[in-house]
Amino acid sequence: MRWKGGVAAGLALMAGCAPIPLERRVERGPLLRTYTQEVALGERTLAAEVEARWPRLTFRFLAAEVCRTEQHEEFIENVITEQYDASAAPALSAGAVNTAVGGILLLARPLFSNAPDREEIDREGRYGPSARKKATVWGGALVVLGVPSLVTGIVQTLRSGARTETRKGDTVVSLREAPCRVTPANGTVEFAGGVGAPPAPRETADGALSLTPEEIQGMHFAGVLLDGIPALLPSEAQERVTTFRVCARLLTEPVPVAEWVRAGVGQLHALRQQVAGCEGIPEAPVAERLRALDEALAAQAHRAEDPGSPRVGSFEEALAAYRPSLHLTPDSAALSRLEEPEALQGQALVLRGVLERYEGQNIAVVQVGPTRVLVFLEENPPWGTGVPRGSRVELIGVVMGRQRLGTLESPLVRAVWMRTAL
């Protein structure tokens, strides 16, 4: 019995030392603080800002690094480790019951009779075991079964439990990349992407380059480079450049009062709209031009019709009266001449394209190949108002120069006659 008890105790210890399943979870605690961290990504950018203040258009070149701004949250974090074996409770209860019952039987052996059981006899003529012997066997068996289970349950119960560790946690809640460490950039400025020969390079001073109205008039470009590196020119900056270029021509040319008086009402209204668009440039001399245009319009109000424009009643009559020198179609080679509409001002032409849309009552946008043309329509035109949007049109008109309409800057043509085309 001793060696059996030793084996049972060893098995119990081995069972108690078996690995117990671990469960670990992390719970977020209270917020300690929030902070911002800026990380340089090792990239550099070059951008150009444009300031329009009459009589200067100023480019300011800025070099910057690309930084990532991280928004962090720091908080308390609880790491909870739980050890629990589901068999500990059944082993403990079963071991306790078996051990208790077996111990009671062994302790109560003197109470049982030691006389053999004469009601049972085997083939050899031996009587059955006594009640004391039966109690001893059952008690020993229950103790042998109960003690290992009891020890295992106790050890597993002692090893079970939860342990909590507290630490600081940090997480990134937002990311944003933006220029940082901005400094002025100096170098040689080149203008690229324009029509014809590019303007001559110019040098910056303190990271800036200023152009006068006379200089900007003859310059057409889509982008700028500093020492051969393209500078980012936002759409707002490009719009300021376009506005200043148009206004440089409108506000520096002498006021042709006599020509305005002889001009048509539609042409004067379109010109006044162009000049009024220059009011967005600080200190631009717009008021004097508007006053002169208003006087010319007032003079036209006393005239029943424009004597310089022949009266026509059909497309054929308009063709004969105006004798257009240009016939522009979507596949016409001469379409490139519309890139410089100022050189065509006053010339009659024939346009064939698609009427894209109407802008108000007096302006239509006609798509001729890759070029959009703004068409000025007189009030109550002689051909009526039955030309629908999206239709192919053919018109005879007179070039009035360049017109800016919102973000669109295109040639402006005064329509003499317009009709749908097959």
Side-chain angles (χ1 to χ4, degrees), residues 23-54 56-81 164-194 198-199 201-211 216 219 221-245 277 279-283 404 406-409:
E23 181 181 345
R24 178 171 294 179
R25 69 178 186 272
V26 179
E27 295 181 354
R28 178 166 172 168
L31 180 67
L32 296 178
R33 62 170 181 146
T34 59
Y35 65 95
T36 301
Q37 184 176 0
E38 193 174 78
V39 180
L41 301 181
E43 301 177 12
R44 295 187 65 82
T45 62
L46 180 64
E49 295 181 350
V50 177
E51 179 185 1
R53 180 175 292 275
W54 195 265
R56 294 284 179 179
L57 181 70
T58 303
F59 291 83
R60 301 189 186 280
F61 296 91
L62 303 173
E65 294 187 26
V66 179
C67 291
R68 183 176 61 214
T69 303
E70 302 175 350
Q71 187 75 22
H72 289 252
E73 287 186 353
E74 191 176 87
F75 51 87
I76 294 295
E77 206 172 50
N78 297 320
V79 182
I80 302 173
T81 305
T164 302
E165 298 178 6
T166 302
R167 65 187 184 189
K168 284 185 180 180
D170 190 290
T171 184
V172 179
V173 295
S174 66
L175 291 173
R176 183 173 61 88
E177 293 185 4
C180 63
R181 303 168 191 172
V182 181
T183 56
N186 285 299
T188 303
V189 180
E190 300 175 68
F191 301 90
R202 290 170 169 79
E203 297 293 329
T204 61
D206 296 328
L209 173 67
S210 294
L211 299 174
I216 198 67
M219 298 174 63
F221 55 89
V224 292
L225 298 89
L226 186 67
D227 289 338
I229 301 175
L232 176 64
L233 201 63
S235 57
E236 297 84 357
Q238 295 178 4
E239 187 174 345
R240 291 192 190 99
V241 173
T242 302
T243 302
F244 194 89
R245 181 188 296 119
E279 291 179 328
I281 301 177
E283 302 178 11
R404 183 163 173 263
T407 58
L408 177 63
E409 183 184 3

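All values below were derived from every heavy atom in this structure, side-chain atoms included, with hydrogens, water molecules and symmetry-related copies excluded.
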**Q** Taking all heavy atoms of Arg60 and all of Ala208, pick out the closest pair and write down the distance.
**A**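 Closest approach of Arg60 to Ala208: NH1-CB, 3.8 Å.
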
**Q** SG of Cys67 to CG of Leu41: how many Å apart, nearest 0.5 Å?
**A**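 So the gap between those two atoms works out to 7.0 Å.
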
**Q** How far apart are the C-alpha atoms of Phe191 and Arg202, what are their side-chain angles, what is the distance that settles it, and do they pass the side-chain contact (heavy atoms from CB on, under 4.5 Å) test?
**A** CA-CA 9 Å; Phe191 301 90; Arg202 290 170 169 79; 4.2 Å; yes

**Q** Taking Asp227 for the side chain and Thr188 for the main chain, is one N or O donor matched with an acceptor at less than 3.5 Å?
**A**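 At least one qualifying donor-acceptor pair exists.
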
**Q** Where do Ala231 and Ala47 come nearest, in terms of heavy atoms and distance?
**A**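 Ala231 and Ala47 have their closest heavy atoms at CB-C, 4.3 Å.
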
**Q** Is any side-chain heavy atom of Val224 less than 4.5 Å from a side-chain heavy atom of Phe59?
**A**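 Contact flag for Val224/Phe59 side chains = yes.
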
**Q** Within the side chain of Thr204, is there an N or O that forms a donor-acceptor pair under 3.5 Å with the backbone of Leu209?
**A**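 Between the backbone of Leu209 and the side chain of Thr204 there is no qualifying donor-acceptor contact (under 3.5 Å).
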
**Q** If every non-hydrogen atom of Ala222 is compared with every non-hydrogen atom of Gln238, which pair is closest and at what distance?
**A**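 Heavy-atom minimum between the residues: O-NE2, 4.3 Å.
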
**Q** Which residue is it: Leu175, Thr171, Thr34? I am looking for the one with a side chain to side chain contact (heavy atoms under 4.5 Å, CB included) to Gln71.
**A**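 Running side chain to side chain contact (heavy atoms under 4.5 Å, CB included) over Leu175, Thr171, Thr34 with Gln71 returns exactly one hit, Thr34.
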
**Q** Please report the interatomic distance OG1(Thr243) to CD(Glu409), rounded to the nearest 0.5 Å.
**A**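 These two atoms lie 8.0 Å from each other.
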
**Q** Can you see which heavy atom on Pro179 is nearest to which on Ala64, and at what distance?
**A**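 That would be CB-CB, 3.8 Å.
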
**Q** Determine, stepwise, if the pair Val241 / Met219 fulfils side-chain contact (heavy atoms from CB on, under 4.5 Å).
**A** CA-CA 10 Å; Val241 173; Met219 298 174 63; over 6 Å; no

**Q** Give the ring-plane orientation class for His72 versus Tyr35, where under 30° counts as parallel, over 60° as perpendicular and anything between as tilted.
**A**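 Judged by the thresholds at 30° and 60°, the geometry between His72 and Tyr35 is parallel.
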
**Q** Salt bridge (Lys or Arg N to Asp or Glu O under 4.0 Å): which pairs involve residues 25-44, sequence neighbours left out?
**A**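 Matches after skipping sequence neighbours: Arg25-Glu27, Arg25-Glu82, Arg28-Glu73, Arg33-Glu74, Arg44-Glu65.
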
**Q** Tell me, please, which residues at least two apart from Glu165 pass side chain to side chain donor-acceptor pair (under 3.5 Å).
**A**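 None.
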
**Q** With sequence neighbours excluded, what pairs up with Arg53 under the side-chain contact (heavy atoms from CB on, under 4.5 Å) test?
**A**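 Here the qualifying residues are Glu51, Pro282, Glu283.
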
**Q** Rounded to the nearest 0.5 Å, what separates atom CD1 in Ile76 from atom OG1 in Thr166?
**A**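 Rounded to the nearest 0.5 Å, the CD1-OG1 separation comes out at 7.0 Å.
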
**Q** Taking all non-hydrogen atoms of both residues, which atom of Leu62 and which atom of Pro184 are closest, and how far apart?
**A**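 Closest pair (atom of Leu62, atom of Pro184, distance): CD2-CA, 4.3 Å.
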
**Q** Quick one: pull up CG in Asp170 and CZ in Phe75 and give me the separation to the nearest 0.5 Å.
**A**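 One finds 7.0 Å between CG of Asp170 and CZ of Phe75.
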
**Q** Grab the two heavy atoms, one from Ala205 and one from Asn186, that are nearest each other, plus how far apart they are.
**A**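 Of all heavy-atom pairs spanning Ala205 and Asn186, the closest is C-OD1, 3.8 Å.
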
**Q** For the atom pair CG (Leu211) and CD1 (Ile216), what is the distance rounded to the nearest 0.5 Å?
**A**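 These two atoms lie 5.0 Å from each other.
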
**Q** Between atom CD of Glu49 and atom OG1 of Thr58, what is the distance when rounded to the nearest 0.5 Å?
**A**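 Glu49 atom CD to Thr58 atom OG1 measures 11.5 Å (nearest 0.5 Å).
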
